[in-house]
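Predicted, not measured: the structure shown is a model, and the values here were computed from it.
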Amino acid sequence: MNFSAGFLRFTAPRFSRSLATVTHTPRSSAPLRHDWTRQEIQKIYDSPLLDLVFRASSIHRQNHDPSKIQLCTLMNIKTGGCSEDCSYCSQSSRYSTPTKASRLLDIEPVIEAARKAKENGSTRFCMGAAWRDLAGRKRGFERILQMVREVRGMGMEVCTTLGMLTPEQAKQLKEAGLTAYNHNLDTSREFYPQVITTRSYDERLGTISAVRDAGISVCSGGILGLGESDEDRVGLIQEVANMTEHPESFPVNALVPIPGTPLEGNERVAHHTLLRTIATARVVLPGTIIRLAAGRNTLSESEQAMCFMAGANAVFTGEQMLTTPCSPWDEDKAMMGRWGLEGMQSFEQASVARKEGAALGPQTPRPVSESQTKLS
């Protein structure tokens, strides 16, 4: 990153064939836990808010470089016409919404969007397709595999969200170079049937297992503002915390109510609820990237600053989410400049680098700086 003519500018790293990277060396020696009880997490969640944020911030600094934010760009490569009944989603064919169905995009416009994202500082490019699964979509899946290969060849991390996967499909995505797969649990197991009935909680967990077993990093989080309780938010965190391997990233979405969906009348989630969820997730998932996702554009700069103080360290940035607004690159760069933050490099997170293995070549651990020690 450098400064030119008073504006913040990100210089994308150049990748050689080995795609060598720099990783941050965590200072925390506490072992990761996979046996959290609801009561333990609820106690953390219910603790005084400023105490909770301070605790989460301290844990964040022990496990991450607090000056780094992962910049991700999301593109909808196949819009609408989905057979699922997710009550928050405008892409469901069951609801009358402004979102219109379209075919899977050709490869070139997707690659052009990835190039633009990289030029603007994003290091992870995510592609979403609105369908239940890949059954009967052999040609479409082959096109997506080629998209993955080409984006990965640009030196970017690449993520997809394509609905449910079989183990063989996950293996093919891994071989194509996929870095991460997003498959959100959305909410607690108990509240889930109030939101979705066409896909079970266990089916979601099955896809996550297939992804993990294929050696792909798991991106799995939830949505706040569905009508869930505090206990449901705690239940979601417990579910991911007790997986055999913590997810590489945990997206925290704030519902953006869309006209025509069953949840169109829901109120905006309170900022303190978002903050508590992020801070609790940081305490329980110390090594995971916590991504401030949908709904971030509704937050003030000071509200976003509190979220990052509480342990969030990734955002979606660019022109659009899947069907909701996104904060533009220029605004995010300027905001990060005011905060003294910079974007992560591709494959900087240690757990991602480990899964990438030999494709990245030798890695250079990044020591904790003196300034980090003073601030923690």
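- Here the CD atom belonging to Glu190 is positioned 11.0 Å from the CG atom belonging to Leu236, to the nearest 0.5 angstrom.
- In this structure, the side chain of Lys78 engages the main chain of Ala130 through a donor-acceptor pair within 3.5 Å.
- Side-chain contacts under 4.5 Å among hydrophobic residues (ILVMFWY), followed directly or transitively, place Met164 with no other residue at all.
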Check: What's the verdict on side chain to side chain contact (heavy atoms under 4.5 Å, CB included) for Ile290 and Leu285, showing C-alpha distance, side-chain angles and the deciding distance?
Finding: CA-CA 9 Å; Ile290 298 178; Leu285 304 167; 5.6 Å; no
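- At distances below 3.5 Å, at least one donor-acceptor pair connects side-chain atoms of Lys118 with backbone N or O atoms of Met154.
- Judged purely by atom type and a 3.5 angstrom limit, Asp106 has no side-chain atom pairing as donor or acceptor with the backbone of Glu108.
- Checked by atom type and distance alone, the side chain of Lys333 pairs as donor or acceptor with a backbone atom of Asn120 at under 3.5 Å.
- The list of ring pair (Phe, Tyr, Trp, His ring centres under 6.0 Å) pairs with a residue in residues 156-209, not counting sequence neighbours, reads Tyr192-Tyr201.
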Next item on the list: Given side chain to side chain contact (heavy atoms under 4.5 Å, CB included), test Lys174 with Val211 step by step and report yes or no.
Entry: CA-CA 9 Å; Lys174 174 65 176 179; Val211 167; over 6 Å; no
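- Using a 4.5 Å cut-off between side-chain heavy atoms of Ile, Leu, Val, Met, Phe, Trp and Tyr, with links allowed through other members, Met306 and Ile278 fall into different hydrophobic clusters.
- Using a distance-only test at 3.5 Å, with no hydrogens or angles considered, a donor-acceptor pair links the side chain of Thr161 to the main chain of Asn182.
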Note to self: Go through it in stages, so that I can follow the logic: the residues are Gln146 and Arg149, the test is side chain to side chain donor-acceptor pair (under 3.5 Å), and I'd like the CA-CA distance, side-chain angles, deciding distance and then a yes or no.
What the structure shows: CA-CA 5 Å; Gln146 186 58 31; Arg149 292 185 192 101; 3.0 Å; yes
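- Listed for the Ser47 side chain is a donor-acceptor partner under 3.5 Å among the backbone atoms of Ile44.
- No side-chain heavy atom of Trp36 sits under 4.5 Å from any side-chain heavy atom of Ile237.
- Using a 4.5 Å heavy-atom threshold, the side chains of Thr123 and Gln345 count as separate.
- For the atom pair Met75 CE and Ile111 CD1, the distance stands at 9.0 Å (nearest 0.5 Å).
- Taking CG of Asp65 as the start and CD of Gln349 as the end, the distance is 12.5 Å to the nearest 0.5 Å.
- For the residue pair Thr288 and Pro247, the shortest heavy atom distance occurs at OG1-O, 2.7 Å.
- With a 4.5 Å cut-off on side-chain heavy atoms, Val315 and Met336 do not count as touching.
- Side-chain contact check for Pro167 versus Asp213: every heavy-atom pair is 4.5 Å or farther apart.
- Within a 6.0 Å radius of CD in Glu267, no more than 12 heavy atoms belonging to other residues, nucleotides or ligands are found.
- Separation of atoms CZ (Arg204) and CD1 (Ile208) is listed at 8.5 Å; rounding is to 0.5 Å.
- Following chains of ILVMFWY side-chain contacts shorter than 4.5 Å, one can reach Val252 starting from Leu52, so the two form part of one hydrophobic cluster.
- Counting only heavy atoms from C-beta outward, the side chains of Val53 and Leu275 approach each other to under 4.5 Å.
- Asp85 places a side-chain N or O within 3.5 Å of a backbone atom of Thr197 that can act as its donor or acceptor partner.
- When all heavy atoms of Ala114 and Met156 are compared, the closest pair comes out as O-SD, 3.6 Å.
- Residues Val284 and Met309 do not share a hydrophobic cluster, clusters being chains of Ile/Leu/Val/Met/Phe/Trp/Tyr side chains in contact below 4.5 Å.
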Next item on the list: Carefully, step by step, assess Cys72 and Arg291 under the rule side chain to side chain contact (heavy atoms under 4.5 Å, CB included).
Entry: CA-CA 9 Å; Cys72 314; Arg291 185 169 295 108; 3.3 Å; yes
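- Note on Glu112 versus Arg115: salt bridge recorded, some NZ/NE/NH1/NH2 to OD/OE distance being below 4.0 Å.
- Note on Glu356 versus Arg152: salt bridge recorded, some NZ/NE/NH1/NH2 to OD/OE distance being below 4.0 Å.
- Of the listed residues (Glu248, Lys355, Arg212), just one forms a side chain to side chain contact (heavy atoms under 4.5 Å, CB included) with Val218, and that residue is Arg212.
- The list of side chain to side chain donor-acceptor pair (under 3.5 Å) pairs with a residue in residues 215-232, not counting sequence neighbours, reads Tyr45-Asp230, Ser188-Asp232, Glu228-Arg233, Ser229-Glu231, Ser229-Asp232, Asp230-Arg233.
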Next item on the list: Could you walk me through whether Asn76 and Leu105 pass side chain to side chain contact (heavy atoms under 4.5 Å, CB included), step by step?
Entry: CA-CA 9 Å; Asn76 203 339; Leu105 293 177; over 6 Å; no
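- Across Ala180 and Arg124, no two heavy atoms sit closer than the pair CB-NH1, 3.6 Å.
- Counting only heavy atoms from C-beta outward, the side chains of Arg143 and Ile107 approach each other to under 4.5 Å.
- Interatomic distance, Leu71 CG to Thr317 OG1, rounded to the nearest 0.5 Å: 6.0 Å.
- Side chain of Gln238 to backbone of Val234: no donor-acceptor contact under 3.5 angstrom is found.
- Using a cut-off of 4.0 Å between Lys/Arg side-chain N and Asp/Glu carboxylate O, Arg199 and Asp186 are scored as not salt-bridged.
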Item checked: Verdict with supporting geometry, Glu157 and Ser346, side chain to side chain donor-acceptor pair (under 3.5 Å) -> CA-CA 6 Å; Glu157 297 182 22; Ser346 294; 5.1 Å; no
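- Side chains of Leu255 and Leu224 form no contact here, defined as non-hydrogen atoms less than 4.5 Å apart.
- Contact detail for Cys307 and Leu299: the closest heavy-atom pair is SG-CD1, 4.4 Å.
- Phe250 CZ to Ile289 CD1: the interatomic distance, rounded to the nearest 0.5 Å, is 14.0 Å.
- Within a 6.0 Å sphere centred on CE of Met243, other residues, nucleotides and ligands contribute more than 12 heavy atoms.
- Both Leu104 and Met127 sit in one connected hydrophobic cluster of ILVMFWY residues. Membership requires side-chain heavy atoms under 4.5 Å apart, directly or through other members.
- Nearest approach of Cys86 to Tyr95, heavy atoms of both residues: O-CE1, 3.3 Å.
- Put simply, the side chain of Thr207 gets close to the backbone of Leu165: a donor and an acceptor are under 3.5 Å apart.
- No donor-acceptor distance shorter than 3.5 angstrom exists from the side chain of His64 to the backbone of Ile69, with no hydrogens or angles considered.
- Nearest heavy-atom pair, Gly295 versus Thr298, reported as atom, atom and distance to 0.1 Å: O-OG1, 2.6 Å.
- Using a cut-off of 4.0 Å between Lys/Arg side-chain N and Asp/Glu carboxylate O, Glu303 and Arg268 are scored as salt-bridged.
- At a threshold of 4.5 Å between non-hydrogen side-chain atoms, the residues Thr187 and Ile223 do not count as touching.
- Note on Glu301 versus Arg338: salt bridge recorded, some NZ/NE/NH1/NH2 to OD/OE distance being below 4.0 Å.
- A continuous path of ILVMFWY side-chain contacts below 4.5 Å connects Leu274 to Leu185, so both sit in one hydrophobic cluster.
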